[in-house]
Number of protein chains: 2
Amino acid sequence: MPDTSEPRWLDAEQQRDWRAFLSGVTRINEHLELALRPFGLDLAEYEILVQLSEAERRSLRMSDLAHSARQSRSRLTHTVARMESKGLVTRRACPSDRRGVIATMTEHGWSLLVRAAPTHVQSVREILVDRVDPEDFAALGRLMRAVIDGPEPALVG
Amino acid sequence: MPDTSEPRWLDAEQQRDWRAFLSGVTRINEHLELALRPFGLDLAEYEILVQLSEAERRSLRMSDLAHSARQSRSRLTHTVARMESKGLVTRRACPSDRRGVIATMTEHGWSLLVRAAPTHVQSVREILVDRVDPEDFAALGRLMRAVIDGPEPALVG
DNA sequence: CCAAGAAAGTTGACGGTTCAATGATTCTGC
DNA sequence: GCAGAATCATTGAACCGTCAACTTTCTTGG
């Protein structure tokens, strides 16, 4: 049966903070996307390049890449296909698991990342890191780790 | 000429916090979208309903609504058109400015919001508010207000 | 007043994401 | 060792957001 108990609304201050969060995230995203634009990248593609750049041999299984870049496998397939046609990555069969596909960053992808990264970092600083109290930024980290590490919430329905 | 000075990279801790932020935001969004799904709403539509519900006569000019729901005017036009066809909102000409269009929440839209809101709040609590240290949550609010209220960053290019 | 420009809103095409379905391969329990 | 379940990756269609172009109306400087 549906939960008929009175919902626990947010108090005024919580609501203010929550809405600031929603607006802030939007602004941060817009700023980062704008900064990547001159490089012909969006944030999702940038993340893919970063993950590949840090992996052994600059290569990852598609599903590991999907996980670390926080994308669905389907989305990743499409995005990587596009990036492949731009010459940023290549794909090949995985030798140890014939279901698998390994994506590898090309030299061209690497050099694009190297060129884009300084601007990206600068944009992160401009919109967030250099703009806020370092204590609050550390609190942000703690808070987000609590969000990530917590159990899958059930949302009883 | 391009800035050739060494970029100010994030230190290890900043990077850890920043990446936690990216992951956390993704997780929060996924959780909220999931919670709204049974109501046939996504977060963008929910925001539109919230903004209308708090406005006088549950009505807003399209461009004010676009601003407060953090959407482009074009996106809002499309989304409101869809919501109109679902019977959640109506549109009519603005009497004082003949360029304008006023969106109004219908009774059906209102009742859907009333039904969805408790679940939505619960999902916000589950994924964030009830999961983190209240001090850190307050820090989140401060931090995001600094992001929002700050000047348009130039991102010198 | 009026011409030029700005603002409001829409439109349609394009591109990207989601979703469900599919084929192929590997894992699991018996 | 095999049947059934789970995993990996892809596909294509439907759906949604973005972008540039456009119309209409309002504002502003001279």
Side-chain angles (χ1 to χ4, degrees), chain A residues 25-26 29-49 51-52 55 59-86 88-104, chain B residues 25-26 29-38 40-48 51-52 55 59-86 88-104:
Chain A
V25 167
T26 300
N29 271 326
E30 286 170 351
H31 185 62
L32 301 187
E33 295 285 2
L34 211 59
L36 285 172
R37 202 148 200 186
F39 300 96
L41 292 172
D42 63 20
L43 207 44
E45 293 166 321
Y46 184 83
E47 282 290 309
I48 289 169
L49 293 181
Q51 295 303 325
L52 288 175
S59 299
L60 282 172
R61 288 281 297 265
M62 287 294 281
S63 62
D64 295 334
L65 182 53
H67 187 257
S68 60
R70 294 178 296 277
Q71 298 183 20
S72 68
R73 281 201 310 271
S74 174
R75 179 180 177 182
L76 186 72
T77 295
H78 289 299
T79 303
V80 166
R82 262 177 276 131
M83 292 174 77
E84 193 169 25
S85 75
K86 290 195 231 169
L88 302 175
V89 299
T90 57
R91 277 182 292 187
R92 65 192 161 81
C94 175
S96 63
D97 182 342
R98 285 188 301 184
R99 294 168 303 180
V101 170
I102 294 178
T104 303
Chain B
V25 166
T26 300
N29 270 327
E30 285 170 350
H31 185 62
L32 301 186
E33 296 284 2
L34 209 61
L36 285 173
R37 200 148 203 185
L41 291 172
D42 63 20
L43 206 45
E45 294 168 321
Y46 184 84
E47 282 290 307
I48 288 169
Q51 295 302 326
L52 287 175
S59 299
L60 282 172
R61 287 283 295 266
M62 288 294 281
S63 60
D64 295 334
L65 182 53
H67 188 258
S68 60
R70 293 177 296 277
Q71 297 184 19
S72 69
R73 284 201 309 274
S74 174
R75 178 180 177 183
L76 186 71
T77 296
H78 289 302
T79 305
V80 164
R82 263 175 275 131
M83 293 175 77
E84 193 169 23
S85 76
K86 292 194 229 167
L88 302 175
V89 299
T90 58
R91 275 183 292 187
R92 64 190 161 82
C94 174
S96 64
D97 182 342
R98 284 188 302 182
R99 294 169 304 180
V101 170
I102 293 176
T104 302

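Chain naming here is simple, since letters A, B, ... match the order of the sequence lines and numbering starts at 1 in each. Note: hydrogens, waters and symmetry copies are ignored here, and every other heavy atom, side chains too, is used.
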**OP:** Scan residues 66-84 of chain A for pairs that pass salt bridge (Lys or Arg N to Asp or Glu O under 4.0 Å), counting only residues two or more places apart or in two chains.
**Re:** A:Glu47-A:Arg70, A:Glu84-A:Arg91

Original post:
How about A:Val80 and A:Leu88: do any of their side-chain heavy atoms sit closer than 4.5 Å?
Top reply: no

Original post:
Between B:His78 and B:Arg61, which has a closest nucleotide on DNA chain C that is more 5'?
Top reply: B:Arg61

Original post:
How many angstroms lie between NE2 in B:His31 and CG in B:Leu36, if you round to the nearest 0.5 Å?
Top reply: 10.0 Å

**OP:** Whole angstrom is fine here: how far is it from CZ in B:Arg37 over to P in D:dC15?
**Re:** 13 Å

Original post:
Are any of B:Arg75's side-chain N or O atoms less than 4.0 Å away from OP1 or OP2 of D:dC16?
Top reply: no

Original post:
How long is the gap from CG on A:Leu34 to CG on A:Asn29, to the nearest 0.5 Å?
Top reply: 12.0 Å

Subject >> Heavy-atom closest contact (A:Ala69 atom, A:Gln51 atom, distance) >> reply: N-CG, 4.3 Å

Subject >> Strand-adjacent residues in residues 79-86 of chain B, judged by heavy atoms under 4.0 Å from DNA chain D >> reply: B:Thr79, B:Arg82

Subject >> Passing candidate, side-chain contact (heavy atoms from CB on, under 4.5 Å) with B:Val89, options B:Thr104, B:Leu65, B:Leu52 >> reply: B:Leu52

**OP:** Please assess B:Val101 against B:Arg61 for the test side-chain contact (heavy atoms from CB on, under 4.5 Å), listing each intermediate value before the final yes or no.
**Re:** CA-CA 6 Å; B:Val101 170; B:Arg61 287 283 295 266; over 6 Å; no

Original post:
What does the inter-axis angle of the helix from C:dC1-D:dG30 to C:dC30-D:dG1 come out as, five pairs per end, nearest 10 degrees?
Top reply: 40°

Original post:
Reading DNA chain C 5' to 3', which nucleotide is the first, and which the last, to come under 4.0 Å of any heavy atom in chain A?
Top reply: C:dG16 to C:dT26

**OP:** For the pair A:Thr77 and A:Ser74, evaluate side-chain contact (heavy atoms from CB on, under 4.5 Å) and give the outcome as yes or no after the intermediate values.
**Re:** CA-CA 5 Å; A:Thr77 295; A:Ser74 174; 5.7 Å; no

Original post:
Between D:dA6 atom P and A:Arg99 atom CZ, what is the distance in whole Å?
Top reply: 13 Å

**OP:** Figure out the CG/P separation between A:Leu60 and D:dA9, and round it to whole Å.
**Re:** 11 Å

Original post:
Looking at residues 39-46 of chain A, who's got a heavy atom less than 4.0 Å off DNA chain C?
Top reply: none

Original post:
From B:Ser72 OG over to B:His78 NE2, what is the distance, rounded to the nearest 0.5 angstrom?
Top reply: 8.0 Å

Subject >> B:Glu45 side-chain N/O to B:Met83 backbone N/O, donor-acceptor pair under 3.5 Å >> reply: no

Original post:
For the atom pair CD1 (A:Ile102) and OG (A:Ser59), what is the distance rounded to the nearest 0.5 Å?
Top reply: 6.5 Å

Subject >> Close side-chain approach of A:Arg37 to A:Asp42, heavy-atom, < 4.5 Å >> reply: no

Original post:
Can you name the closest pair of heavy atoms from B:Leu76 and B:Met62 and give their distance?
Top reply: CD2-O, 3.0 Å

Original post:
Residues from residues 63-74 of chain A sitting under 4.0 Å of DNA chain D, heavy atoms only?
Top reply: A:Ser63, A:Arg73, A:Ser74

Original post:
Taking all non-hydrogen atoms of both residues, which atom of B:Lys86 and which atom of B:Gly40 are closest, and how far apart?
Top reply: NZ-O, 3.3 Å

